[in-house]
There are 2 protein chains.
Amino acid sequence: MGRKVSGKPTLSTVAKVTGVSIPTVSQVLRGTGRISEETRAKVLDAARQLHYVPNQRAAAMRSGENREIGVVINQLLNPFNAEVVSGVVDLLEDHGYLVSIVDTRDDADRQDRQLQAFIRHGRGGLLWVPAFDTPESTFDLLATHGIPTVTFLRHVQRKLDHVGIRNAEATALATTHLADLGHRRIAYLGGTDMTFVRKERIAGYESVISGRGLEPPLVWDSLDNKLAGLEAMIALLDEAPDLTAVVCNGDMVALGACLALAKLGIRPGREVSVVGFDDIQDAAVATPPLTTLSVSPRKIGRKLARTLLDRIEDPDMPPTVSELSAELLIRETTGPMIPRVPAKQDGA
Amino acid sequence: MGRKVSGKPTLSTVAKVTGVSIPTVSQVLRGTGRISEETRAKVLDAARQLHYVPNQRAAAMRSGENREIGVVINQLLNPFNAEVVSGVVDLLEDHGYLVSIVDTRDDADRQDRQLQAFIRHGRGGLLWVPAFDTPESTFDLLATHGIPTVTFLRHVQRKLDHVGIRNAEATALATTHLADLGHRRIAYLGGTDMTFVRKERIAGYESVISGRGLEPPLVWDSLDNKLAGLEAMIALLDEAPDLTAVVCNGDMVALGACLALAKLGIRPGREVSVVGFDDIQDAAVATPPLTTLSVSPRKIGRKLARTLLDRIEDPDMPPTVSELSAELLIRETTGPMIPRVPAKQDGA
DNA sequence: AGAGTTTGCCTAAACGTTTTATCGCGCAGG
DNA sequence: CCTGCGCGATAAAACGTTTAGGCAAACTCT
């Protein structure tokens, strides 16, 4: 006995040991077909003793089934995204899927390679935040291979399922809040390219500005991290010293902006109000705690997962779009407007 | 023409269109074997037109080659980890690997399921931060299946390759720095379980305490996030009001601690000094900027990837251990010791 | 007891590749 | 004119599964 001791155990190994045929082993392990109690026990025993682990690749190849899904995200370092992914994983792992994540860093070429790889390696479904300048050809690629795909956050193409945030509604909410507090000169800070998300958010902001007849809109660019937010805020105040409120494109920028204010001796929530977006963990523990627009990332994650599962089950449904409303969490970085004397400010 | 229009194109489709055999197509696409210029051109053409994408699963099954590697990490929300992963991906993607990430959230059961899944799905290599209470059986599982594996950060088992940080050296550096500034009552804050990492760090801290004859060591628990760090710091000061310096288990905790100090009207870097660990992005832009121990996460990432590649190339090498030294970045949360009058403190 | 049904297992084929061995062919050398 | 050889391509086998179909033996029913 012990012909081929080395090498990983396969169905054939188990079959040989047990003295039954390969399909029988397969059926026992998967609980299909008619099998006598006796054989079942023998097989299970042998499988356990050999530490047999099925080769999912071979299985998938034959059966077409595919329980591996890919998450393609633009920036894993962003805590909001990371939490969305958490929610996704929760639900999908419960359904027996293996979720594997990949970070495009908003580079369309990298993204293309990664998607190609996902296709080659046979992912059964995709959750995707399209990179900034995703070309049309990338969508064609996915369409050609008919992989069930749900985009999220960035709503780029209507042919795919989508889960997102009611961005315009959210920023309108924030801007209204500020207007109600008496602010009349309100800027929008954050984002760089005119991404779809940002476009929507700015639209919401501008609608309130013009609806309330406030000072003309002022949009200022910034990358999505604290340091950039800090620098941008300083520049912005230099440009518009009479500013009393800012709606930010994300919490990272908002927190950076607060740091900038502190550095200039201006108190966030007093002389200048700041509203963030995302409600990342840090927002609640910052000093002062950040007023922000909150959409539970885990909820988005679960919604995403559910949408993908539905799509996998019925690939021919018309595309679905779900948009979740944001909630305004009023903390301490917003307060009644206090007219500002545009003071001369020096660095540091 | 157009027998089977639907369905994904395979080698056989391309072969039929071109009028050559399947192996010929395979050889052309992979650049092996002897092929005439004429056929080569024909095949490439057809492949392109059909949008043919090789089925990597089938290929891997036949050839045994395996260009998919898995990253198993304990907490993706931690920015340090996320940056390590960035470094890994950089290098491995260049080598034609697909890197997929999975988050255990330090749950050993989940980790087990995920590793099982990785084995079933045939990952060719693993980069792994073992979860807190990883049982021995998990290591057996990996050993049985002989998957090239490199652990990082948590050095749990000597039979596997490892890339880590010289933890004891690092905290000793920090503690020495504080002692040099005149501090005599220095606490260690952060971490909960006695993980290997934490054990090493505390050892480094204690060695300096006893070497310099300072006040006896004081170790205080905290989860690894800002809020927990904040609460822990308050509790710690309550316990030891004469404290003048803290070495922290991570930047998140350290930043939380600084928030706590600010809340109590104590200036970090003046009345109480704080040293962090990791140098996450926030550390540099915090107010005041955090003195911290820095190990370039991307460097770790690249080292990790390199180690794994070596291991895959030669599976029979004896296990390798690489440890990177941390560097002390002195910013503004540490300063000369000022004797503290243990003031009565009330909440908020 | 014979016909029909159920039970328990097996054989054969298929999934899409890669690999190994082989084959026909034209050509150079003896 | 036969032999040997390099070239270009092919046929067949293999990877580890799952699925469909089949076939004896053991039951059930009249």
Side-chain angles (χ1 to χ4, degrees), chain A residues 4 6-44 46-47 50-68 96 117 119-124 145-146, chain B residues 4 6-44 46-47 50-68 117 119-124 145:
Chain A
K4 41 188 312 187
S6 71
K8 295 202 199 13
T10 76
L11 278 190
S12 138
T13 325
V14 180
K16 216 165 287 171
V17 168
T18 324
V20 299
S21 74
I22 292 180
T24 303
V25 177
S26 171
Q27 315 218 89
V28 168
L29 262 26
R30 313 192 28 249
T32 70
R34 307 182 191 299
I35 305 286
S36 73
E37 214 27 72
E38 187 194 9
T39 347
R40 162 181 306 277
K42 263 198 308 187
V43 168
L44 287 178
L50 292 171
H51 287 107
Y52 169 75
V53 173
N55 178 334
Q56 196 77 217
R57 276 207 282 234
M61 184 171 147
R62 166 65 231 231
S63 71
E65 247 223 298
N66 208 329
R67 286 187 147 340
E68 217 171 336
I119 292 173
R120 282 201 305 272
H121 290 269
R123 292 298 185 268
H145 289 84
Chain B
K4 41 188 312 185
S6 71
K8 297 202 196 12
T10 76
L11 279 189
S12 137
T13 324
V14 180
K16 216 165 289 172
V17 168
T18 326
V20 300
S21 73
I22 293 180
T24 303
V25 178
S26 170
Q27 314 217 83
V28 168
L29 262 27
R30 315 191 27 250
T32 70
R34 306 188 182 297
I35 304 287
S36 72
E37 212 29 72
E38 186 193 9
T39 13
R40 160 181 308 276
K42 262 199 307 185
V43 168
L44 287 178
L50 292 172
H51 287 106
Y52 170 75
V53 172
N55 179 334
Q56 197 78 214
R57 276 207 281 233
M61 185 171 147
R62 168 64 231 229
S63 70
E65 248 223 298
N66 208 329
R67 284 186 144 351
E68 216 170 340
I119 293 174
R120 283 201 304 274
H121 289 269
R123 293 298 187 265
H145 289 84

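Note on naming: letters A, B, ... go to the chains in the order of the sequence lines (proteins, then strands), and numbering restarts at 1 for each one.
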Donor-acceptor under 3.5 Å (N55(A) side chain, T10(A) main chain)
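No; zero donor-acceptor contacts below 3.5 Å.
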
[X] versus [Y], closest heavy-atom pair with distance:
| X | Y | result |
| --- | --- | --- |
| V14(A) | A47(A) | CG1-N, 4.2 Å |
| T13(B) | K8(B) | OG1-O, 4.4 Å |
| R57(A) | N66(B) | NH2-ND2, 2.9 Å |
| P9(A) | H51(A) | CG-O, 3.9 Å |

Under 4.0 angstrom, heavy atoms only, what part of the nucleic acid is [X] near: base, sugar-phosphate, or nothing?
| X | value |
| --- | --- |
| T32(B) | nothing |
| E65(B) | nothing |
| R30(B) | sugar-phosphate |
| S21(A) | base |
| S63(B) | sugar-phosphate |

[X] vs [N]: side-chain N/O to OP1/OP2 distance below 4.0 Å:
| X | N | result |
| --- | --- | --- |
| Y52(B) | dG16(C) | no |
| R34(B) | dG8(D) | no |
| T24(A) | dC10(C) | yes |
| S26(B) | dT18(C) | yes |

5′-ward residue of the pair Q27(B)/M61(B) relative to DNA chain D:
Q27(B)

Can you work out whether A58(B) or I22(B) has the more 5'-proximal nearest nucleotide on DNA chain D?
I22(B)

Counting side-chain heavy atoms from CB outward, which of [options] is closest to [X]?
| X | options | result |
| --- | --- | --- |
| T10(A) | dA12(D), dG16(D), dT19(D) | dG16(D) |
| N55(B) | dG8(D), dG16(C), dG16(D) | dG16(C) |
| A59(A) | dA9(D), dC9(C), dT17(D) | dT17(D) |

Length of the [atom1]-[atom2] vector between [X] and [N], whole Å:
| X | N | atom1 | atom2 | value |
| --- | --- | --- | --- | --- |
| Q56(B) | dT18(C) | CD | P | 8 Å |
| N66(B) | dG16(D) | CG | P | 13 Å |
| H121(A) | dG16(C) | NE2 | P | 17 Å |
| I119(B) | dT17(D) | CD1 | P | 14 Å |
| L11(B) | dC15(C) | CG | P | 13 Å |

Per the atom types in the model, does the base of dT17(D) pair as donor or acceptor with the side chain of R62(A) at under 3.5 Å?
no

